[in-house]
Protein chains: 2
Amino acid sequence: MDTGRRRDAARTRAEILEVASAEFADQGYAGARVDEIAARTRTTKRMIYYYFGGKEQLYVAALQAAYGRIRAAEQEVDVAHLGPVAAIRRIAEVTFDHHEANPDFIRLVSIENIHRGEHIARMPEADLVSLNTPAVDLLGEILERGRGQGLFRTGVDALDVHMAISAFCVFRVANRHTFGAIFGRDLVDPDRRLHYRTMLADMIVSYLSAAE
Amino acid sequence: MDTGRRRDAARTRAEILEVASAEFADQGYAGARVDEIAARTRTTKRMIYYYFGGKEQLYVAALQAAYGRIRAAEQEVDVAHLGPVAAIRRIAEVTFDHHEANPDFIRLVSIENIHRGEHIARMPEADLVSLNTPAVDLLGEILERGRGQGLFRTGVDALDVHMAISAFCVFRVANRHTFGAIFGRDLVDPDRRLHYRTMLADMIVSYLSAAE
DNA sequence: CCACTAATGTACGAACCAGTACGTTAGTTA
DNA sequence: TAACTAACGTACTGGTTCGTACATTAGTGG
């Protein structure tokens, strides 16, 4: 066995990216330390500059990788066999689970928004739009089906629904600390998980089902 | 007139706090620069340490002041004369308007959550709980009234509803940059403002009105 | 097996940045 | 008006932090 072998560009690069993702999610962009990232890898700071060019490019790479990882999960949702209402519930639940399982992704997105999306705005469109629209496209199809059957209201599009679902899921994870400090309720308490998961699905479905 | 007079402790302190709030909201805690804050005031860095003790205490003071400012607006809502449904709509709309008008507050809260609420957790309870619960108490009363009239479902409490409303309002402002970059839709576009405001109220009301 | 290059490590520099030592002035009070 | 103190300013420091110059080694093609 030779797992600790000396030269492995792909491995070194991947390890830097992994450690950097954790560090940026943890400390924010300005708070993250290049030296700290280097120390937590098996290589040195020199390699960060060799492979990524600098702190900012490393951050962008970490952000991009995070969005990439998310894509896979979202594309696996299969709701073709479900009715519109059940399909919407399913999507809400999958999104809910997904956000809960990826708090670091949510943190990176929060951090990027603190920076007014200046980095994501410069990322190639191919890596963003094409990777993220499938989830919304699916929502659009279900909405259309539901409207065709007279089940759903008009006046809302897939992006609006996606926003409402994301808002609920993101807030619960991203704002749990201040919310908990102010109101004394832990939004991610496992005992309340099912309650919020059901609440979200109910809320979205009742909204779509209500007459205008 | 003597507005530019040399000695005015209260004025100096207030100016530092105001500039600091803007700088922290803009750059985050780690990204904010004490020298930059000092440069944007009419006084010097020395005064920041004189009045606040250090960068961290200044940040906490800014955060605390931001929560304080919010309180006033929330306590002004008067819905006693409205029916439960109209009252809920009103609260949703007021919250919506309020978040839209205070993006810096939302940014500070986001930043504090990135830091896992470590500063807010150390703030005196009197400054948090008592200042923030009136809004939720009001919601609780309306919910109770609505349930008494058979209008609202059971199984949800005021804090849950407050969370759902906040989630929608916060997400729209806080995540507008990444959302805009990915989906090409500006969530705070004035042309869409009324659409989202109505959507939120409809969503909350339809959820509360739906049978369990 | 030798030359060449990709990959890696070490040591350091220059800028930055939070915080402070020390000195000064404005207003106040006895 | 003299003594006193709260308020303020200047200049500096010690440590941190991003980035790089320079040296070295592992693997590979000829």
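Here is the naming used below: chain letters follow the sequence lines, and residue numbers restart at 1 for every chain.
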For A:Ile114, side chain to side chain contact (heavy atoms under 4.5 Å, CB included) partners two or more places apart: B:Arg107, B:Ser110, B:Ile111

Using the side chain to side chain contact (heavy atoms under 4.5 Å, CB included) criterion, which residues pair with A:Glu18? Sequence neighbours excluded. none

Quick test: give all pairs of protein nitrogen or oxygen and nucleotides 4-6 of chain C nitrogen or oxygen below 3.5 Å, distance rounded to 0.1 Å.
{"residue": "C:dA6", "atom": "N3", "partner": "A:Arg7", "partner atom": "NH1", "Å": "3.3"}

Which residues pass the side chain to side chain contact (heavy atoms under 4.5 Å, CB included) test with A:Asp26, sequence neighbours left out? B:Arg116

Sequence neighbours left out, what passes side chain to side chain donor-acceptor pair (under 3.5 Å) with B:Asp35? Give chain and number order. B:Lys45

Sugar-phosphate or base contact per nucleotide [nucleotides 15-22 of chain D; S, B, -; heavy atom under 4.0 Å]: --SBBBBB

Any salt bridge (Lys or Arg N to Asp or Glu O under 4.0 Å) pairs touching residues 157-171 of chain B, not counting sequence neighbours? A:Arg185-B:Asp157, A:Arg185-B:Asp160

Show your reasoning for whether side chain to side chain contact (heavy atoms under 4.5 Å, CB included) applies to A:Met47 and A:Glu15. CA-CA 11 Å; A:Met47 289 298 96; A:Glu15 190 177 350; over 6 Å; no

Does A:Ser206 have any side chain to side chain contact (heavy atoms under 4.5 Å, CB included) partners at least two apart in sequence or in another chain, and if so, which? B:Ser206, B:Tyr207, B:Ala210

Length of the line joining B:Asp8:CG and C:dT25:C1', which is rounded to integer Å: 16 Å

In short, ring pair (Phe, Tyr, Trp, His ring centres under 6.0 Å) pairs touching residues 36-61 of chain A with sequence neighbours left out are A:Phe24-A:Tyr59, A:Tyr29-A:Tyr59, A:Tyr59-A:His119

For A:His162, give me all partners under ring-ring contact (aromatic ring centres under 6.0 Å, His included), at least two apart in sequence or on another chain. B:Phe183

Indicate whether OP1 or OP2 belonging to C:dA7 is found under 4.0 Å from a side-chain N or O atom of A:Thr12. no

Between A:Thr43 and C:dG9, is there a contact of a side-chain N or O with OP1 or OP2 at under 4.0 Å? yes

Looking at residues 13-23 of chain B, who's got a heavy atom less than 4.0 Å off DNA chain D? none

Under 4.0 Å between any heavy atoms, over every strand shown, what does B:Phe52 touch: base, sugar-phosphate, or nothing? Just pick one. nothing

Taking only residues two or more places apart in sequence, or in another chain, which ones meet A:Phe105 in a ring-ring contact (aromatic ring centres under 6.0 Å, His included)? A:Tyr67

